[in-house]
Amino acid sequence: MTNQFSTQAVHAGNDVPPPQGHAVSPSIYPAVTYTYDNMDDLSAALHENVGYSYARYGSPTIAMLEKAVATLEGTEDAVAYASGMGALHGAFAQANLTPERPVVAARNVYGATYALLNKMYANSGALHFVEIADREAVQAAIEQHHPRVVVLETISNPLLKIPDIPAITQWAHDHGAIVIVDNTFATPYLYRPIDHGVDVVVHSATKYLGGHGDVLGGVVATTAQRAHELRIQQRSFGANLGPFEAWLTLRGMRTLALRMREQCANALRVAQWLQAQPPIARVVYPGLPDHPDHALAQQLFRANHFGGIVSFELRDAAEPEVFRFMEALKLIQAATSLGDVYSLLLYPAQSSHHALGREERLRQGIGDGLVRLSAGIEAAEDLIADLRQALH
Ligand SMILES: Cc1ncc(COP(=O)(O)O)c(C=O)c1O
C-alpha cells in the first residue's frame, strides 16, 4: 500500500538503516524522542536508563561530549548543560546546603556566580565568602563555618590569582566538605583539579573548550554517582545542552591542546612586551616572575603554561582613556567573553565587574584603567603591533 503524499513527506527516508562502518567523527542526533520495536525496551529506556528515550534524559551527541570532557578532566563522568551558569546552578543545587552546612566560596568568583550563590543561599544564611588567596582566612572559614561545599576558581578574573587548591582541598576534606572548582580559565590542558582530590569540576564550555565563540555551554565533571544524581536533577531542572551545541563544543575540543599552547605562548609574549611600555602602569600575568602566584602556577600548571589571559593597567587612565584605547584597536576586538581563537579585550569596570560598583571594585584591586586581554591564536607580532598602534 502506498501512503498519501502528506504521509510520505512526514516519514520518507526514515527507514534508511544506520551506517555499517564507524563514523570517524561525531554525529549530531537531533531526535528528541526514541521508539523501540519492543515496548519493554521503551520502558527500560524510560525508567532504567537503558538506551535513549527523551532528550532531556540523555542524547547521544551530548553523551559523546560528556565522555570527552570526563576523559580530559580525569573524572568518572560528566554532565553537560546549556551554559556555564546552568552547570554551576546544577552543581550548587545538588550540594543540598543548609545554614548548619553552608557553602564557603571565593569572594572573587565570576560575577554571575557570585550573584547566583547570593540568590540561592544568602537568605538562608548558608553562604560565606572568603578571600581565597588568604590561606589563613580560608582555613579559618572552613573551621568556623563547617561547610558542606567550598567553591573556587582555578584562576581568578581579572587579577589572575591562583588559590592553593591542593591545600584548600585537604582542609575541606578534613572537615567533611567537598570542593567545587570552576576550571574554565585553566582548562584540563593546564591543570586537572581532580588530580588534587577536587570533587566537582565545572566549565563554561563557552570559553576554551568550545574555543570559537559560537557556542554557549557548560559541563560538570565528577564521580559517576554524582553525575547520576545530576542527571536525575536535570530531568526536572532542564537547562540541557542541545545536540548542535554539543557537536560544536566537541569539534572545538579536538584542538584544545593546540589552541592552549598558542594562547599561553601569545599571552606570555604580550605580557613581556607590555611590561616595557611606558603607557602601561602594571601587567598582571601568572607567567611573569613578579606575579604573586607565579611559583604556585609553576607548581600546579603544565610546564611553561600560565593561561591565555593577561590583564594590564593603562597609566593614569579612567573610562574615557580606556574607551579611546579600545576603539583604537584594529585586530583585537573589544568584547566580553574569553578563550576564543581570536583575541578579545574587555574592560572589567564596564562589563564583568560593573555590578560591583566603583568602591568595591577598587577595593578588590581592579582599577579604573585595568583591561583584560584574552589572547587568541593570531601571530604574537600582530597582536603586539595592534596594541602598539592603539597605545602610542
Ligand atoms: C569563570 C567563569 N565561569 C562561568 C561562566 C559562565 O559561563 P556561561 O557564560 O557559559 O554561562 C563564565 C562566563 O564568563 C566564566 O568566566
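For the numbers below, each heavy atom of this structure counts, side chains included, while hydrogens, waters and symmetry mates do not. In each ligand, atom 1 is the first atom listed, and ligand 1 is the first ligand listed.
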What are the distances between nitrogen or oxygen atoms of ligand 1 and protein nitrogen or oxygen atoms, counting only those under 3.5 Å?
from, atom 1, to, atom 2, distance (Å)
ligand 1, 3 (N), Asp182, OD2, 2.6
ligand 1, 7 (O), Ser204, OG, 3.0
ligand 1, 10 (O), Gly84, N, 2.9
ligand 1, 10 (O), Ser204, OG, 2.8
ligand 1, 10 (O), Thr206, OG1, 2.6
ligand 1, 11 (O), Gly84, N, 3.1
ligand 1, 11 (O), Met85, N, 2.9
ligand 1, 14 (O), Lys207, NZ, 2.8

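Panel note: side chain Glu262, backbone Leu258; no donor-acceptor pair is recorded below 3.5 Å.
Side chains of Tyr191 and His196: a donor-acceptor N/O pair is present below 3.5 angstrom, by distance only.
Annotation: cation-pi pair Arg107/Phe129 absent, no NZ/CZ under 6.0 Å from the ring centroid and within 45° of its normal.
Ring planes of Tyr34 and Tyr52: tilted class, angle from 30 to 60°. Below 30°, between 30° and 60°, or above 60°: for Phe237 and His89 the angle between ring planes is below 30°, a parallel geometry.
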Worked check of salt bridge (charged side-chain N to carboxylate O under 4.0 Å, His left out) between Asp368 and Arg361: CA-CA 9 Å; Asp368 290 334; Arg361 177 169 53 73; 3.0 Å; yes
